[in-house]
Amino acid sequence: MENGYGWPPPGCDRLVIGHESLGTVLQAPEGSGFHTGDLVAGIVRRPDPVPCAPCAQGEWDFCRNGRYTERGIKQLDGYGAQLWRVEPHFAVRLDPALGDCGVLLEPASVLAKAWEQTERIFTRASWRPRVALVTGAGPIGLFAALLGTQRGLEVHVLDRNGAGPKVGLVTDLGATFHTGDVHDLRITPDVVIECTGHGPLVFELADVVARDAVICLTGISSGTRTVAVGLDEVNKAMVLENTVLFGSVNAGRRHYQQAADALAKADRGWLRRIITRRVPMDGFAAALHKTDDDVKVVVELATDGQP
Ligand SMILES: [Zn+2]
């Protein structure tokens, strides 16, 4: 692993990558609830061995000691193989009509959790959000927008530029696409799902949201930007306006299920447009070079529909 984020399994010097998966069941144990031919995706994280209190309850996405493992990321080989096995508890069945769009389950699960947690925070008061802002129109931002529109919210999406298919994908959800400065949007969001990981933007968002707003951070960046921020002012504004700023990572089993339900009721043609390129395994390196026209690039490991 060079210049990247990931840990090989103990005693190994290589990690099989692939945390986003899709497969067809070839064999399932009796009583597992799965059957040959089922379309499934695998859950990424596994509970830590201690286990901590959340992991003991199946809430590995809230692991307290950081000793969880993750397929394709942290100490467990990933799903990047023509044949893989997964414990039934860590497999999620998908609507077969989704076809290869089922591979979108894992990224969608991260947003299902972000929205679920956001909604839980809103139960602190009697009013309900109406206007949502999503920052970033990559795959994560697009799923945030999809789940926002499925909740009946007025959704706005802000991105640095309007190149490629993202403008059409946003507007076809019934959401509004914006570029430019967050202060110029002329909206007052009740909820923000931040998907860029751009640190300075976080403090600007705290400046433009409605009273009692919730800002959910889902993005991370490798940057080390330093900006001067009037933290006393930010503190004062957040206290006086009941602002909640929180982070959300990964997903538990119920979030995968929520995401599977959301994908099943999403427009199939819209989902298909998220996968802008399909690359065969022997040309996988081409998948690593993204262009403005790419949203999600998929590497196909089963070329003839058979393992
Ligand atoms: Zn744990």
Side-chain angles (χ1 to χ4, degrees), residues 1 4-23 29 31-34 40-81 84-94 103-124 139-140 143-144 147 193-195 197 199 202 214-222 244-262:
M1 187 70 55
Y5 181 88
W7 295 260
C12 300
D13 55 7
R14 292 194 322 172
L15 171 72
V16 176
I17 59 170
H19 63 281
E20 298 175 4
S21 63
L22 180 69
S32 65
F34 290 95
V40 294
I43 290 174
V44 176
R45 197 176 279 197
R46 297 290 180 277
D48 79 76
V50 175
C52 72
C55 281
Q57 298 296 321
E59 294 184 326
W60 46 76
D61 53 319
F62 284 98
C63 180
R64 303 270 296 152
N65 63 23
R67 291 178 60 190
Y68 61 83
T69 51
E70 290 179 319
R71 287 194 67 162
I73 302 173
K74 187 169 182 274
Q75 297 167 319
L76 290 177
D77 279 335
Y79 295 107
W84 41 270
R85 285 188 184 276
V86 62
E87 309 87 323
H89 185 60
F90 294 96
V92 181
R93 194 187 353 257
L94 290 151
V103 76
L104 304 173
L105 182 70
E106 195 279 333
S109 74
V110 173
L111 278 309
K113 176 183 174 183
W115 272 109
E116 181 211 62
Q117 299 291 305
T118 298
E119 286 177 328
R120 287 188 177 192
I121 295 169
F122 274 111
T123 62
R124 68 189 171 144
I140 294 292
F143 287 123
L147 299 189
I193 309 291
E194 204 300 299
C195 304
V202 172
V214 177
I215 303 170
C216 174
L217 309 180
T218 69
I220 48 174
S221 87
S222 54
V244 174
L245 176 65
F246 80 106
S248 179
V249 71
N250 198 256
R253 187 175 172 88
R254 72 172 180 276
H255 306 121
Y256 279 83
Q257 199 52 58
Q258 291 163 4
D261 295 344

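Every number for a ligand or one of its atoms is a count from 1 in the order of the listing. For the numbers below, each heavy atom of this structure counts, side chains included, while hydrogens, waters and symmetry mates do not.
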- Query: Does I121 CD1 have over 12 foreign heavy atoms under 6.0 Å away?
  - Reply: yes

- Which protein atoms of type N, O or S are found under 2.8 Å from the Zn ion (ligand 1)? D48 OD2, C52 SG, C55 SG, C63 SG

- Message: For the CZ atom on R85, are there more than 12 heavy atoms of other groups (residues, nucleotides or ligands in this structure) within a distance under 6.0 Å?
- Response: no

- side-chain contact (heavy atoms from CB on, under 4.5 Å) partner of H19, the single match among E70, K74, E106: E106

- Message: Just verifying a value: how many Å separate F143 CZ and I193 CD1, rounded to the nearest 0.5 Å?
- Response: 14.5 Å

- Note on the structure: ring pair (Phe, Tyr, Trp, His ring centres under 6.0 Å) with F90: of W84, W60, F34, only one passes, and it is W60

- Task: Report, as yes or no, whether the 6.0 Å neighbourhood of atom CD on Q57 holds more than 12 heavy atoms from other residues, nucleotides or ligands.
- Result: no

